[in-house]
Every structure is written in C-alpha cells, then in structure tokens.
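Taking it in order: structure first as structure tokens, then the write-up.
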Amino acid sequence: MSINQSIKPVSVEEKENLTIGGCDLVDLAKRYGTPLYVIDEATLRGICRDYKNAFKNYTNIKMMYASKALCTSAIVRILDEEGFGFDTVSAGEIYTVFKSGVDMAKVLFNGSNKSEKEIELALECNVGRFSVDNFYEAELLNKISEEKGKKADILLRITPGIECHTHDYIQTGQIDSKFGFDLSQVDDIVGLIINKYKNLNLRGLHAHIGSQIFETQSYYDEVEILVKEIARIKAKFGLNLDEINIGGGLGVKYTDADNPPSVDVLADAVTRALDKFAVEAKTIYIEPGRSIISTSGVTLYTVGSSKQVPNGRKYVAVDGGMADNPRPSMYQAKYTAQVANKIKFDETEKVTIAGRYCESGDILIEEIELPKLEAGDILCVYNTGAYNYSMASNYNRVEKPAMVLVNNSLSDIIVYRETLDNLISHDNIPDRLLR
Ligand code: LLP
C-alpha cells in the first residue's frame, strides 16, 4: 500500500480530538482561524519515499513534482530536499521554485500558451527543459533563445491518443485535445527544428495522458507509443532522442469508492514497458502532482448555520467552500470528512455540507453521515492538498485561507491568511473618481 491509497494523512490520530502531525486540529483552528489548509509533512515525505522506492532500480528515472497541484515556497523546499525536480507551467511557478533556491537545471517548463515574458524568464533562470507544445511556441522560443544567445533544450509534447477513464475536463491525452502535437504533425515540427530552429536542441518526447488515473495499462500503452515514435524519428531523421517524459496523473483516494493503484503498480507498468521496448533513453521523466501532495492536505472549517428543508435534506454551512476548494463544483469531486471535536459521539445524521459562497452549486459534500453538527464544530475535509489552494479564488471578495505545516507536534504557517487590506491592495481609483 502506498500513501496515495489512503484517504487520511499518515499521522492522523483519534485522541480526544482529531490530531494530525501531533497537533490537535481544534487548537490549530483556534490559533490560526478557519478555513485553514493543513499539510502533514510526514505524509508528504512518505509519498516521496514511496515514489523513490518504487523506481529505485531505475536510476534513469527522474521525478518531477507537477507544482501546479500546490506551489508554495515551503512545499518546494520539501520536494527539493526529497530530490524531486519540478514541472512548472507559469512565470509564477518558475519564480517560486527559483526563489526557493532550487537548481534550475531540475526544472521543466510546460504549458500550451507560454507568453514571451514567461519564456524570457525561463531562459534567464536557465530552466533545464522546455516542453514545446505547438508550432507557434517553437518559433517563439527559437526567436527569443537566439536573441539571448542561448540554446533551449526541449522535449516535444505529443498527443498520444490514449483515453483514460477520468473526468472530461482533466483528460488530456486523447486526440481531440488542446495540448501538444498530433502524431501526424511530428514530422513537420522535427523537420523545422532540424532545418530552421537552430536555437532549439531536441532531446526527447513528452506526453501526459490525464489526471486522477486508476488504470496503469494506460501508462504502459503510453510508453510504447513514445518509444515507437522515438524509433520512427531516428529511422526517418537520424536523430537520437534519449529522453521521454510520461507526465503525471496517478489517482488518489478521496472516498471509499476510489481504489487508485499503488505507486508500485504504476512503477511496474512503466518499467515493464521500458524493459519490453528496450528503451535506451537516458532519462525518463515522470511528473506526478496530485498523488504527491493530495493526501498530506486537509482543510479545517468552522460550522455555522444550518437549514432543514421541510421533508428534504439538511444543509449545514461551513465558513469556506468553492473559493478554497472549487473541485466539487467544477468536477463533481467527492470528499470525505470528519468532525475534529466529535470523535467519540455516536449520534449521527446525514447532512449536506454547504459552502458560504453565494451560489447554489457551492456544496462541498453531498449527503455525508456525520456526528450531529452544531455551530462552532470543526470539520476536517480530507485529501485537499492538491488543486485546492492552487485553484483558490477570491470569489465574493473573501480572503484566501492560511496554510500550516504540521510535524512532530509543531505547526508553522507556510502561507499567511489574506487580509482585507490584501484584497484592496491591487485596486486603483482613477483620479477622476476621487472626491
Ligand atoms: N504533467 C502535465 C503536463 C499536466 O498537465 C499535469 C496536470 C500533471 C503533469 C500532473 O498531473 P497529476 O499527477 O496532478 O494528475 N485541476 C484538476 C487537475 C488538472 C490536472 C492538469 N494537469 C483537478 O483538480 O482534478
């Protein structure tokens, strides 16, 4: 069993109250306020080790954390210490990684519409690899590299035509996708790189087949497609590409209904394919995001109002919702929760956890059996480490929550709670409106 197969962080304990990392969650809520993102360092380091162990016999595999899942300076530091590189997709992520002191050779810059400014920053920071997504970007990257007197090491992002069973919005490897070169376009772009783009150095191919993936056969198929494509390019153009990037996507367990494969099972599918197709590639990149950070994160909320619909369901509202976790309203994502201050209660009821935002769709959890809730209770929602803070907004002009890191009974702020002044700090009132 690996950590992505568990709903809760490894250090969770049911004492008088629920604790994580030796910290009482009710105390954390009092001390830092709610909503509060809590990250368990032991879980995060544990899954990093699960990944390293699973691939330990393959020294040419490089693990790149997909920082879009959660990118803050402290998280970057931990991943860096654990030996991960970084898959970044914006100037913001590159800057965060750079400022955290990471060796930028371990950084890959991904994305389907990188701006000139972002490309310039990436070149100035000397990021190790660019994953080139389309013809426009190849031209732009070559031009900017030439202006800067640099040569960019690139992978080509291709669309391998693999459909995984996941939510439509997070499928990416199928043919009709906004990402990457269709296989029929590969020869054209390789030809351009050889004949025209002298400031691009083609090192290999990249694909990403989707997210929250439960079937590892898709990875096997993906490696086969990438390897065969590399062989075809070698035969046609005489180019030796020695890197492949298989993307991220391994699923996690949000509820008991989810049964994601372990990291070992993923590694088995990938390495079986590498062995079978005799990959000579010097470097195989894998870029997991969700499976690295999701399980280590929980969100604490304070319970407020409730409403019993006559002959209908009971809504219980918490002080956060779709702005700190947009996943239920965007993807119908399901979550598991527990009441941090009501471990030993046995009187339960079925409730729907509603968010505080002015939108009917702002429901965090539909129909969950919990101890009878009262205002002031602290609700702990599990598995919110990935794509919660990173997709958070200020909808309804609400401040984004703080984030704390817990370990060995210590808690430290890693992201400060936004203040009301933060919210207006980017506003400007034109002179003509000033009284
Ligand atoms: N590599 C590439 C090129 C990607 O596009 C992604 C995710 C990853 C790696 C990491 O995938 P992961 O291991 O996290 O599944 N917001 C959605 C997920 C979007 C994923 C986008 N790309 C969600 O909340 O489910």
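Counting starts at 1 for both ligands and their atoms, in listed order. Numbers for residues simply follow the sequence, beginning at 1. The model shown is predicted, which means the values in this text are computed figures rather than measured ones. FYI, side chains are in, hydrogens and waters are out, and symmetry mates aren't considered; it's all heavy atoms of this structure.
Applying the 4.0 Å criterion to heavy atoms of Arg290 picks out, from ligand 1, the atoms 12 (P), 13 (O), 14 (O), 18 (C), 23 (C), 25 (O). Ligand 1 places these atoms under 4.0 Å from at least one heavy atom of Gly249: 11 (O), 12 (P), 13 (O), 15 (O). Within ligand 1, counting atoms from 1 as listed, the ones closer than 4.0 Å to a heavy atom of Ala66 are 8 (C), 9 (C), 10 (C). Close contacts of ligand 1 with Pro288, meaning ligand atoms under 4.0 Å from a residue heavy atom, involve 13 (O). Applying the 4.0 Å criterion to heavy atoms of Glu287 picks out, from ligand 1, the atoms 1 (N), 2 (C), 3 (C), 8 (C), 9 (C), 10 (C).
Residue contacts with ligand 1: His206 is placed with no nitrogen or oxygen under 3.5 Å of a nitrogen or oxygen of the ligand (distance criterion only). Between Ser291 and ligand 1, a contact under 3.5 Å exists for no N or O pair. Geometrically, ligand 1 and Leu250 share no nitrogen or oxygen pair separated by less than 3.5 Å. Distances between N or O atoms of Tyr331 and those of ligand 1 include at least one value under 3.5 Å. Ligand 1 has no N or O atom lying under 3.5 Å from any N or O atom of Met391, backbone or side chain.
Checked against Asp87 for a salt bridge (charged side-chain N to carboxylate O under 4.0 Å, His left out), the options Lys68, Lys106, Lys62 give a single hit: Lys68.
Checking Met330, Lys68, Arg157, Arg327 against atom 4 (C) of ligand 1, the nearest heavy atom belongs to Lys68. Looking at Ser211, Gly210, Ser131, it is Ser211 that brings a heavy atom closest to atom 15 (O) of ligand 1.
Salt bridge present: Arg45 and Glu82 bring a charged side-chain N and a carboxylate O closer than 4.0 Å. Classification of Asp187 and Arg232 as a salt-bridged pair holds, one side-chain N sitting under 4.0 Å from a carboxylate O. Under a 4.0 Å N-O distance rule, the pair Arg397/Asp427 qualifies as a salt bridge.
Taking the six-membered ring for Trp, Tyr65 and Phe84 have ring centres at least 6.0 Å apart.
Geometric assessment of Lys114 against the ring of Phe109 yields a positive cation-pi assignment under the 6.0 Å and 45° thresholds.
Contacts between Asp87 and ligand 1, counted as non-hydrogen atom pairs separated by less than 4.0 Å, involve the side chain only.
In this structure, Tyr357 and Tyr395 have parallel ring planes: the angle between them is below the 30° cut-off, well short of the 60° mark.
The 12-atom threshold is not exceeded at CZ of Arg77, counting heavy atoms of other residues, nucleotides or ligands nearer than 6.0 Å.
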